[in-house]
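Remarks on the structure that follows.
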Number of protein chains: 2
Amino acid sequence: MTSAQPATPDGEPTLTIAQVAERTGLTHDTLRYYEKAGLIERVGRTGGNQRRYAAADLAWLEFLLRLRETGMPIAEMQRFAGLRARGEATVADRLAMLREHRAGVARRIRALRRNAAALDDKIDHYERLLEGQPGTDEPA
Amino acid sequence: MTSAQPATPDGEPTLTIAQVAERTGLTHDTLRYYEKAGLIERVGRTGGNQRRYAAADLAWLEFLLRLRETGMPIAEMQRFAGLRARGEATVADRLAMLREHRAGVARRIRALRRNAAALDDKIDHYERLLEGQPGTDEPA
DNA sequence: ACTTGACCTGGAGCGCGCTCCAGGTCCTAC
DNA sequence: GTAGGACCTGGAGCGCGCTCCAGGTCAAGT
């Protein structure tokens with residue numbers, strides 16, 4: 001998904017936490033928090049105990065961000081990550097989770113649209129108030 | 001907006017906090033919190049100091065819920081409510097706030113759709129994993 | 001060798017939006 | 001007149017998702 005890494009095709013962990021922070025928009029603290037929380041599996045370390053992320057870690061983080069941005073709470077992401085860590089046997093469960101979450105997203109988009117329509121009505125109302133008679137007391 | 005009230009057309013405060021809680025889905029505590037926070041102006045009281053909401057209060061609460069459900073933080077609602085309390089002179093400011101908020105909602109809907117598309121991709125991926133070869137190790 | 005800045009850990013603290021509690025008053029029904 | 005439930009107040013507490021801090025270690029440049 002990301003393009004030109006120096007030389008490593010996928011496997012070798014090369015990215016520092018600062019680089020991952022920059023690419024994902026997460027802070028160092030949030031990255032460490034996600035690791036501590038089990039959202040990402042313990043990432044590789046250098047001899048001196050510093051984190052080095054692999055491209056696969058980055059891809060997973062980016063997927064987590066899709067979940068977060070669609071409103072999935074951390075507890076649920078933990079559950080998902082836990083299933084993922086248990087391997088291929090949990091694909092059906094993960095699929096079910098994702099489908100459910102996806103349906104929730106669709107509902108939230110619909111709700112947002114309905115509410116946006118109400119905002120539009122109010123905006124219209126204010127516009128008429130302003131252009132029309134700038135001396136009437138408002139009923140709403 | 002609401003239909004058959006007993007006899008009062010709009011003005012008289014008649015609804016108990018429990019009735020308003022039921023109609024809005026807010027709890028008693030939240031209603032009191034919103035009043036304390038200045039999101040709604042101090043509502044009418046009986047001789048015995050119990051709240052009685054007017055239909056206009058209910059309508060305003062329902063509008064606040066539209067703001068809340070579209071993600072407006074309470075601090076911003078306080079600002080909006082403050083402008084409203086200052087009367088007709090603030091209509092232009094309120095209109096500006098609403099337009100800005102409306103634009104944010106549009107952005108969030110677009111972002112949700114983009115992220116939902118990524119979820120759909122992942123769902124497809126899992127579906128292929130499941131139907132296809134239920135014995136392959138997954139690369140994502 | 002030394003400095004400087006990136007990184008490490010465990011744990012405390014924070015902002016938001018409620019939610020709950022204690023201790024009291026009110027009101028409706030019997 | 002009394003029981004029981006709905007309501008009142010001020011203020012403490014909570015769950016979430018980070019964010020910050022102290023006190024260190026590590027690594028690259030001069």
Side-chain angles (χ1 to χ4, degrees), chain A residues 6 13-54 57-58 61 63-82 101 104 108 115, chain B residues 6 13-54 57-58 61 63-82 101 104 108 115:
Chain A
T14 62
L15 299 163
T16 68
I17 195 169
Q19 290 171 321
V20 173
E22 189 188 1
R23 278 164 178 70
T24 59
L26 298 169
T27 67
H28 312 62
D29 275 325
T30 301
L31 283 168
R32 289 193 270 255
Y33 165 67
Y34 279 8
E35 187 174 339
K36 213 186 290 188
L39 293 189
I40 63 184
E41 298 186 61
R42 183 175 170 84
V43 80
R45 311 285 161 133
T46 65
N49 196 34
Q50 300 197 175
R51 287 171 179 80
R52 291 297 180 268
Y53 292 80
D57 295 324
L58 193 55
L61 276 168
F63 178 65
L64 283 181
L65 287 182
R66 304 285 82 67
L67 295 181
R68 184 181 80 166
E69 283 160 19
T70 48
M72 183 181 284
I74 283 188
E76 210 167 322
M77 292 195 233
Q78 284 172 328
R79 191 166 117 66
F80 193 90
H101 180 61
R108 290 187 31 244
N115 287 317
Chain B
T14 61
L15 298 163
T16 68
I17 196 168
Q19 289 171 321
V20 173
E22 190 189 1
R23 277 165 178 69
T24 59
L26 298 169
T27 67
H28 311 60
D29 276 325
T30 301
L31 283 167
R32 290 194 269 254
Y33 166 67
Y34 279 8
E35 187 174 340
K36 215 187 287 188
L39 293 189
I40 62 183
E41 297 186 61
R42 184 177 169 83
V43 79
R45 310 286 161 132
T46 66
N49 196 33
Q50 299 196 177
R51 288 172 179 78
R52 290 297 180 269
Y53 293 79
D57 294 325
L58 193 56
L61 275 168
F63 179 64
L64 282 180
L65 286 182
R66 304 285 81 64
L67 295 180
R68 184 181 80 165
E69 283 161 20
T70 48
M72 183 181 286
I74 283 188
E76 211 167 322
M77 292 195 233
Q78 285 172 326
R79 190 167 119 64
F80 193 90
H101 180 61
R108 290 186 32 243
N115 287 316

Flag yes if more than 12 heavy atoms outside [X] fall under 6.0 Å of its [atom1] atom; otherwise flag no.
X       : atom1 : result
B/Glu76 : CD    : yes
B/Arg66 : CZ    : yes
A/Arg52 : CZ    : yes

Atom CZ of B/Arg32 and atom C1' of D/dG10 are separated, to the nearest Å, by 12 Å

message = Rounding to an integer number of Å, can you tell me how far B/Glu35 CD sits from D/dG10 P?
response =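 Taking CD of B/Glu35 and P of D/dG10, I get 11 Å after rounding.
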
Note: B/Leu39 and B/Leu64 closest approach over all heavy atoms is O-CD1, 3.7 Å

Practice prompt. Grab the two heavy atoms, one from A/Thr70 and one from A/Arg108, that are nearest each other, plus how far apart they are.
Written response: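 The pair with the smallest heavy-atom distance is O-NH1, 2.7 Å.
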
message = Check this one for me: any side-chain N or O of B/Thr16 less than 4.0 Å away from OP1 or OP2 of D/dC7?
response =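 Yes, within the criterion.
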
query = Any side-chain N or O of A/His28 less than 4.0 Å from the OP1 or OP2 oxygen of C/dA6?
reply =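 No.
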
In B/S/- notation (B base, S sugar-phosphate only, - none; protein heavy atoms under 4.0 Å), nucleotides 15-30 of chain C written 5' to 3' is --BBBB-----SS---

Interatomic distance, CZ@B/Arg42 vs CZ@B/Arg51, rounded to 0.5 Å, equals 7.0 Å

